[in-house]
Number of protein chains: 2
Amino acid sequence: MQITRQTEYAIRTMLELARAPRGEFLSTRYISEQQDIPEDFLKKTLKLLVLAGLISTQRGVHGGIRLARPAGKITLVDIIEAVECNVALNVCLAPGYNCPNQPGCPVSRNLARAQQAMLNELRKESLEDMLGDQ
Amino acid sequence: MQITRQTEYAIRTMLELARAPRGEFLSTRYISEQQDIPEDFLKKTLKLLVLAGLISTQRGVHGGIRLARPAGKITLVDIIEAVECNVALNVCLAPGYNCPNQPGCPVSRNLARAQQAMLNELRKESLEDMLGDQ
DNA sequence: CCATTGTGGACTAATATTGTCCTTTTTGTT
DNA sequence: AACAAAAAGGACAATATTAGTCCACAATGG
Ligand code: FES
Ligand code: FES
């Protein structure tokens, strides 16, 4: 029940990107130094953000990464879902349990509702909002 | 971002206890068999529930465990908090980060709000409610 | 042609979770 | 008193997940 360190790296990275002038590329190395994130590990993380369509990359000498869309249209949910592929509070996925995940099961129903509530909250502020109100 | 298997064991155990006649003790062995949970692991888990004041125990020949208060007054939050000691979506606990957890930080503020929303949802139904509406 | 920067994959290390075993204490029963 | 049932407690082992590292390769601009 905890965001992983990798997710935190991703959040910090996205905030760094959101702070940069719109459209400018930042290099992985630069970000890793600024945010004190192991460079090679950060690279793997960025891959996930690329796949999720949150950042775009440019190889070569003046390359780097930048947001794929405006900071106003990215929220923490986007980042968290990108990194922790299946956000599932719910346990009842492993097969062979006494209580198989039937639509009606009250436990899984409650967990699902709680998860929704959480995600909805996280959708309320964009990266842009967050930078604004510090 | 996931409830652990141990937490699920605890939830299933609490439901089993809630189903039993009020005040009756069930043995760890019985529960472990009913719910297909490794007995010795279950014992460790029960310790946490005892510490949290959710169940009470009785040693000796007709002993076992039972709910420490009515099933109507126990929710999933109680169980989750008992087992996963510090429910903290929030990452910014580890020391020495760029973004120390200042009251104002927008990320930690958002995560905290989301966590609250989640916990609030989980508080809405008691074990009794859950057994009722299957 | 070369330095810079991202891509990809294999591998290792660290940590957390899950599971097991064994010994002790309490309690009711015989 | 002796015994069996059950919880308490703690050490240890097995797995799984997370985090971090390394190295060869591909694109890009100068
Ligand atoms: S579906 Fe798993 S506890 Fe009900
Ligand atoms: S306090 Fe950690 S991201 Fe802000």
Side-chain angles (χ1 to χ4, degrees), chain A residues 1-13 17 24-52 54-68 80 83-88 91 93-94 96-97, chain B residues 1-13 17 24-52 54-68 80 83-88 91 93-94 96-97:
Chain A
M1 175 89 62
Q2 176 101 26
I3 278 172
T4 65
R5 183 174 302 211
Q6 188 175 33
T7 302
E8 198 218 323
Y9 289 165
I11 293 174
R12 300 223 307 266
T13 297
L17 291 175
E24 181 173 302
F25 288 108
L26 300 185
S27 75
T28 302
R29 168 156 305 152
Y30 172 78
I31 294 173
S32 81
E33 281 164 1
Q34 285 295 307
Q35 296 287 336
D36 192 30
I37 301 171
E39 186 178 345
D40 280 309
F41 189 54
L42 178 56
K43 282 185 188 170
K44 288 204 302 188
T45 307
L46 294 179
K47 183 74 194 312
L48 299 172
L49 297 176
V50 170
L51 287 177
L54 295 179
I55 62 177
S56 60
T57 63
Q58 168 71 46
R59 287 179 171 194
V61 92
H62 285 143
I65 62 184
R66 66 183 179 192
L67 297 184
I80 291 173
V83 179
E84 325 209 339
C85 308
N86 50 352
V87 176
V91 234
L93 351 104
Y97 275 162
Chain B
M1 178 89 62
Q2 175 102 25
I3 278 172
T4 65
R5 181 174 303 210
Q6 186 174 33
T7 301
E8 198 217 325
Y9 288 165
I11 293 174
R12 299 222 309 266
T13 297
L17 291 176
E24 181 172 305
F25 288 108
L26 300 185
S27 74
T28 303
R29 167 155 306 151
Y30 173 78
I31 295 173
S32 82
E33 279 164 3
Q34 284 296 307
Q35 295 288 336
D36 193 29
I37 301 172
E39 185 179 344
D40 281 309
F41 189 54
L42 178 56
K43 281 187 189 170
K44 290 203 301 190
T45 308
L46 294 180
K47 183 72 193 313
L48 299 171
L49 297 177
V50 170
L51 288 177
L54 294 178
I55 62 177
S56 59
T57 63
Q58 168 71 46
R59 288 180 168 192
V61 90
H62 284 143
I65 61 182
R66 66 182 179 192
L67 297 185
I80 292 173
V83 180
E84 325 208 338
C85 308
N86 50 353
V87 175
V91 232
L93 354 103
Y97 274 162

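Proteins get letters first, then strands, A, B, ... in listed order; numbering begins at 1 in each. What's counted below: heavy atoms across the whole structure, side chains too, no hydrogens, waters or symmetry copies.
Here D/dT28 presents its C1' atom at 9 Å from CZ of A/Arg59, a figure rounded to the nearest Å. Between the NE2 atom of B/His62 and the P atom of D/dA7 there is a distance of 12 Å, given to the nearest Å. For A/Asp40 and D/dC23, the CG to C1' distance is 9 Å, given to the nearest whole Å. The CD1-P distance, from B/Ile65 to D/dA5, rounds to 19 Å in whole Å. Whole-Å rounding puts the B/Leu26 CG to D/dA5 C1' distance at 15 Å. In this structure, A/Ile3 atom CD1 and D/dA19 atom P are separated by 12 Å, rounded to whole Å. With rounding to whole Å, B/Glu24 atom CD is found 13 Å from D/dA6 atom P.
By the 4.5 Å heavy-atom criterion applied to side chains, A/Gln6 and A/Phe41 are counted as neighbours. Contact check for A/Arg66 versus A/Leu26: no side-chain heavy atoms found under the 4.5 Å cut-off. Counting heavy atoms from C-beta on, the side chains of A/Thr13 and A/Thr45 never come closer than 4.5 Å.
Within residues 41-51 of chain A, the residues having any heavy atom under 4.0 Å from DNA chain C are, by residue number, A/Lys43, A/Lys47.
For D/dT18, the OP1/OP2 oxygens have no side-chain nitrogen or oxygen of A/Thr4 closer than 4.0 Å. For the pair A/Tyr9 and D/dG20, the criterion of a side-chain N or O lying under 4.0 Å from OP1 or OP2 is met.
To the nearest 0.5 Å, atom CZ of residue B/Arg12 and atom CD of residue B/Gln35 are 5.0 Å apart. Between the CD1 atom in A/Ile31 and the NZ atom in A/Lys43 there is a gap of 12.5 Å [rounded to 0.5 Å]. For the atom pair CG (A/Asp36) and CG (A/Leu42), the distance works out to 11.5 Å, reported to the nearest 0.5 Å. Considering CZ of B/Phe25 and NE2 of B/His62, their distance stands at 12.0 Å, rounded to 0.5 Å. Interatomic distance, A/Leu49 CG to A/Leu67 CG, rounded to the nearest 0.5 Å: 10.0 Å.
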Item to complete: Please assess A/Thr57 against A/Leu46 for the test side-chain contact (heavy atoms from CB on, under 4.5 Å), listing each intermediate value before the final yes or no.
Response: CA-CA 9 Å; A/Thr57 63; A/Leu46 294 179; over 6 Å; no
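Checked against D/dA4, D/dA19, D/dT28, the side chain of B/Val61 finds its nearest nucleotide in D/dA4. The side chain of A/Pro38 has D/dT21 as its nearest neighbour among D/dT21, D/dA6, D/dA8.
Read 5' to 3', the first and last nucleotides of DNA chain C with an atom closer than 4.0 Å to a heavy atom of chain A are C/dT4 to C/dG8.
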